[in-house]
Asker: 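Questions regarding the structure given below will be posed in turn.
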Amino acid sequence: MELREWSPLVGLVNRIPATVQRGLLFYDVSITCVDMVDEFLALGTNVGIVFWYNRRSDTVEKLQGEP
């Protein structure tokens, strides 16, 4: 993947689930914050999950916070 100043994030956003299940309930996921450095993007959500995107390897990791 080529690093560019501007790049559409549709492929990345499509990897983030629209809903998550916590116990018996389902919650809609919204991206609430974004931070980045040259190699990584961190996408914070309203459900306490951070998606860690490696721009070089094009991989996404889900980091779960404690409630």
Asker: Consider only side-chain heavy atoms of I, L, V, M, F, W and Y, link residues closer than 4.5 Å, and tell whether Tyr53 and Met36 are in one cluster.
Answerer: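 Yes, Tyr53 connects to Met36 through the hydrophobic network.
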Asker: Just how far is it from atom CG of Asn46 to atom OG1 of Thr32, taken to the nearest 0.5 Å?
Answerer: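 So the CG of Asn46 and the OG1 of Thr32 are separated by 6.5 Å.
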Asker: Got a second to check how far Arg15's CZ is from Asp58's CG, nearest 0.5 Å?
Answerer: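 CG of Asp58 is found 4.0 Å from CZ of Arg15.
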Asker: Enter the distance from Leu41:CG to Leu12:CG here, rounded to the nearest 0.5 Å.
Answerer: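 Taking CG in Leu41 and CG in Leu12, the distance rounds to 6.5 Å.
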Asker: Are Leu9 and Ile49 connected, step by step, through hydrophobic side chains (Ile, Leu, Val, Met, Phe, Trp, Tyr) whose heavy atoms are closer than 4.5 Å?
Answerer: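 Linked within one cluster.
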Asker: Do you reckon Phe26 sits in the same ILVMFWY cluster as Ile31, going by side-chain contacts under 4.5 Å, direct or chained?
Answerer: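 Looking at the clustering, Ile31 is in a separate group from Phe26.
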Asker: Do you know which of Leu43, Thr19, Val47 makes side-chain contact (heavy atoms from CB on, under 4.5 Å) with Val29?
Answerer: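 Looking at Leu43, Thr19, Val47, the match for Val29 under the side-chain contact (heavy atoms from CB on, under 4.5 Å) is Val47.
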Asker: Say you draw a straight line from CD of Glu61 to CZ of Phe51; how long is it, rounded to the nearest 0.5 Å?
Answerer: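 If I round to the nearest 0.5 Å, the distance is 11.5 Å.
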Asker: Tell me the closest heavy-atom pair linking Ala42 and Val50, and the distance in Å.
Answerer: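 Between these two residues, the closest heavy atoms are CB-CG1, 4.2 Å.
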Asker: Is there a path from Trp52 to Val37 through hydrophobic residues (I, L, V, M, F, W, Y) whose side chains come within less than 4.5 Å of each other?
Answerer: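 Per the 4.5 Å side-chain linkage, Trp52 and Val37 are co-clustered.
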Asker: Taking all atoms of both residues into account, what is the closest heavy-atom pair of Asp38 and Arg55, and its distance?
Answerer: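 Scanning both residues, the minimum pair turns out to be O-NH1, 3.3 Å.
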